[in-house]
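Taking it in order: structure first as structure tokens, then the write-up.
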Amino acid sequence: MQFAEPTDFAERETLFVEVILPLSLAINYTYRVPYELNDRIAIGKRVVVQFGKHKMYTALVKSICTQPPEFYQAKYIIDVVDDIPVINEKQFEFWDWIASYYLCNEGDVMSAALPTGLKLASETILVIREELPEELVLSEKENLIFQVLQKQQRMSIDDVVELLGQKTVYPIINSLIAKEIIFVAEEVVEKYKPLLKSFIKLNPFYKDQENLKQLFAILERAPKQLDALLAYLKLSRTDQAVPRQLLLEESACGQAALKALLDKDIFSLEKRQVSRLNQMGDEFEVNFELSPAQLHAFNEVQQGFEEKDVVLLHGITASGKTQLYIKLIEKAIANGGQVLFLLPEIALTTQIVERIKQYFGDKIGVYHSKFNDNERVEIWNKVVNGAYQVVLGARSAVFLPFKELKLIVVDEEHEASYKQHEPAPRYQARDAAVFLAHLHQAKVVLGSATPSIESFYNAQTDKYALVTLNERFGGVQLPLQQVVSIAEETKRKKMTSYFTSVLIDDMATALENKEQVILFQNRRGYATILICATCGYAPKCVNCDVSLTYHKTSGKLHCHYCGYHQSSINICPACGSVHIEQKGFGTERIEEELSLIFPEAKMARLDLDSTRTKNSLQQIISDFQDKKTQVLIGTQMVAKGLDFDNVSLIGVINADTLLNYPDFRAFERSYQLLAQVAGRAGRRDKQGKVCIQAYDESHRIIKQVMENDYLQMYADEMDERKQFNYPPFTRLIFVNVKHKDANVLQLASNQLASALRQQLGSRILGPEQPLVARIRNYYIKQIIIKIEKVAPVQKVKTILKDTIRDFNAQKDFKSVITQIDVDPY
DNA sequence: AGCACGCCGACT
DNA sequence: GTCGGCGTGCTC
């Protein structure tokens, strides 16, 4: 017996931890901490736990308590992974907000937030026992496994599956365990492996000039080795150790000579951890002065920050927003703060990133999905240790371990790619960034030439400060814009496949002048809608301002916002024509048709299909930049962040496909896209041309794009949104209901909708048939919740969560999957 | 997410 | 009888 000091006593206390598992589970689990780990355990550290019978996971410690769980025996934690927490307090708060706002599990957030490299994988390994029972009664299959194990001591479950050629192996393995022949070793492997490079060092003995002289003499008869030595001396002038690869290249001495020197102890080999990320070149000055207009805007942003946390920067294309961002970032990091710069995914491979990288040098990190796991862990670590003060990243960069953010810039804030749709957490990174900034008491700049309606609304209602920058930087001229009526040209038989005579003439001129052309065709052109070939009429829903979608299966026209449907049409109700066409064509088709008209021109396509791999996008872009290709045909992507000096013409194949998209945001999106596309033509010394083809050439959106009248577009949109109760006047939540059996789904979705309706009344719409009614053998129905702005959202969310929980508890609906999407746009 | 367990239908 | 397929429940 001994007397316990108070601290001693504290150490002896039994601790329990609540952990988040990287799985989509509704609750967190509690584990018991073994005494010997008491002093290592801390909130935010990763721990190894066994979850279920076989699996090991790295969970994250969320809280620590001394209260043992009442109703069950907690399992022990197996190990503590980290010396210092990987997740800080602010991140936990941020996670909590994401989980409660977007109605998902904490495990979902963890899966999204941690780079895979920080999650550990468990591998189940079977190990043969050293002492085997005397009597061995084995089945044939058991014997087979036993034989292999005797030879190689251990094998994985996968090996067993392969060995036996069958999937059900657990009963056999269990039997072997029961017979005390094998045991299961669960191995947790750290996925992150630092990149090691070999470096060559000279034995310090030869630092002495005399000794070195002698060495030269000795090596005289080994010219290759002498080469190696000379190369080393040349390269090592600044740094003692020389990369092995570099030495080999420089001296051309060959592996053998190097090995000989190593064997003779003249050289020594050293493995060093190096960064996988491209090392930046020397930081060099990029001198620029803000123009008077920019300076004015800069000061306005500063003023805006005095009163508001968020500033919306409405700056027309080519107004030099990037320079403004740079100055703002510079100011924010001056006192050691951190800055997050969010960009849409595809813009991350383009010029804007290069410019900012050049300016800030190695203080900056880039984070997006095309980096592999190891690279992402490195960026993560460099944010933790402060090596990166500025991070450029796609939406997932909001989860990086920032300690003291001073500023978040969200460029192109209207971009739809800030929203994650699948899987949960279905978060909107721009909105999440505003909350994140609030946590850090940081400021936010939302920048766009064509702000989203809701952000502009927030500025109009004084939630955000508004700064406008509407002077083009460096006197760049606005492009010459023209709209061509496809209907008109069709009537006069002047169309050549999808192209009007105007566009073809313009293209011919541009190509003759050795200038380049970008053609824009929306990917959404694949959606099937009905359109009158004579007048361009497209049937619309009577309840909503969206085009109806033609469904082959039912032969009807559907609105997937309110569930309205009508039978299909054979005669155009507007002009009486019988030429009703199903529309939907993509970039491949355009390329095909165009190569018939301009057989000489080299073309490239820029869309999701042609840019699957990490470098293909870069390749297509650099080919175009180097003028290896003359025509670039693309989707959305061509509109984003690309600057090409030699492009004199931008053609929009069909603006109607954008405008007719069945979505209440179709007009807003169309305006944003067309304005963006138009802004890409002729950026430097020459005036560019924009040619927009459309059936409905008098559409207000097209007019507003031509006149660059964002405010009018905003006003018109607001009228419509108000009339049809869409955001920003309401909030939307989608509930997607899925099941393999269409009948069960029908029943289930109706029942869920009416259960919700009982509590939330007319806020519930549907269930409706979504555009794609079946994905991966699951039928899908959608219930839409429209919540008026004044209603307490959190209350609605609680009701929603509870109702779905009760619904899923019914035994007929256990296998029905429900997904919640808050702010689904 | 896995995996056990139970039930069913199909074949060496 | 054994195997594989699938639905359902559970994991601290």
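Here is how names work: the chains are called A, B, and so on, in the same order as the sequence lines, proteins then strands, and each is numbered from 1.
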- Query: Can a cation-pi geometry be assigned to A:Lys797 and A:Tyr101, taking NZ or CZ under 6.0 Å from the six-membered ring centre and within 45° of the ring axis?
  - Reply: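 Judged by the rule, A:Lys797 and A:Tyr101 form a cation-pi pair.
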- For A:Ser63 and A:Glu18, does a side-chain donor sit closer than 3.5 Å to a side-chain acceptor?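 Indeed, the side chains of A:Ser63 and A:Glu18 share at least one donor-acceptor pair under 3.5 Å.
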- Between the side chains of A:Arg430 and A:Tyr418, does any donor sit under 3.5 Å from an acceptor?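 No - no donor-acceptor pair under 3.5 Å links their side chains.
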- Keeping the roles fixed (side chain from A:Gln91, backbone from A:Phe399), state whether a donor-acceptor pair exists under 3.5 Å.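 Looks like yes, one N/O pair under 3.5 Å.
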Dump the pairs, protein N or O against N or O of nucleotides 8-12 of chain C, anything under 3.5 Å, distances to one decimal.
{"residue": "C:dG9", "atom": "OP1", "partner": "A:Lys814", "partner atom": "NZ", "Å": "3.1"}
{"residue": "C:dT11", "atom": "O3'", "partner": "A:Gly52", "partner atom": "N", "Å": "3.2"}
{"residue": "C:dC12", "atom": "OP1", "partner": "A:Tyr31", "partner atom": "OH", "Å": "3.4"}
{"residue": "C:dC12", "atom": "OP2", "partner": "A:Lys75", "partner atom": "NZ", "Å": "2.2"}
{"residue": "C:dC12", "atom": "O3'", "partner": "A:Thr30", "partner atom": "O", "Å": "2.8"}
{"residue": "C:dC12", "atom": "O3'", "partner": "A:Lys75", "partner atom": "N", "Å": "2.7"}
{"residue": "C:dC12", "atom": "O2", "partner": "A:Thr30", "partner atom": "N", "Å": "3.2"}
{"residue": "C:dC12", "atom": "O2", "partner": "A:Tyr72", "partner atom": "OH", "Å": "2.3"}

Report the distance from atom [atom1] of [X] to atom [atom2] of [N], rounded to the nearest whole Å.
{"X": "A:Asp741", "N": "C:dC6", "atom1": "CG", "atom2": "C1'", "value": "14 Å"}
{"X": "A:Glu140", "N": "C:dT2", "atom1": "CD", "atom2": "P", "value": "13 Å"}
{"X": "A:Ile817", "N": "C:dG7", "atom1": "CD1", "atom2": "C1'", "value": "13 Å"}

- Task: Kindly write out the residues that satisfy side-chain hydrogen bond (donor to acceptor under 3.5 Å, both in side chains) with A:Tyr29, not counting sequence neighbours, or none if the list is empty.
- Result: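 Partners of A:Tyr29 by the side-chain hydrogen bond (donor to acceptor under 3.5 Å, both in side chains) criterion come out as none, since no residue qualifies.
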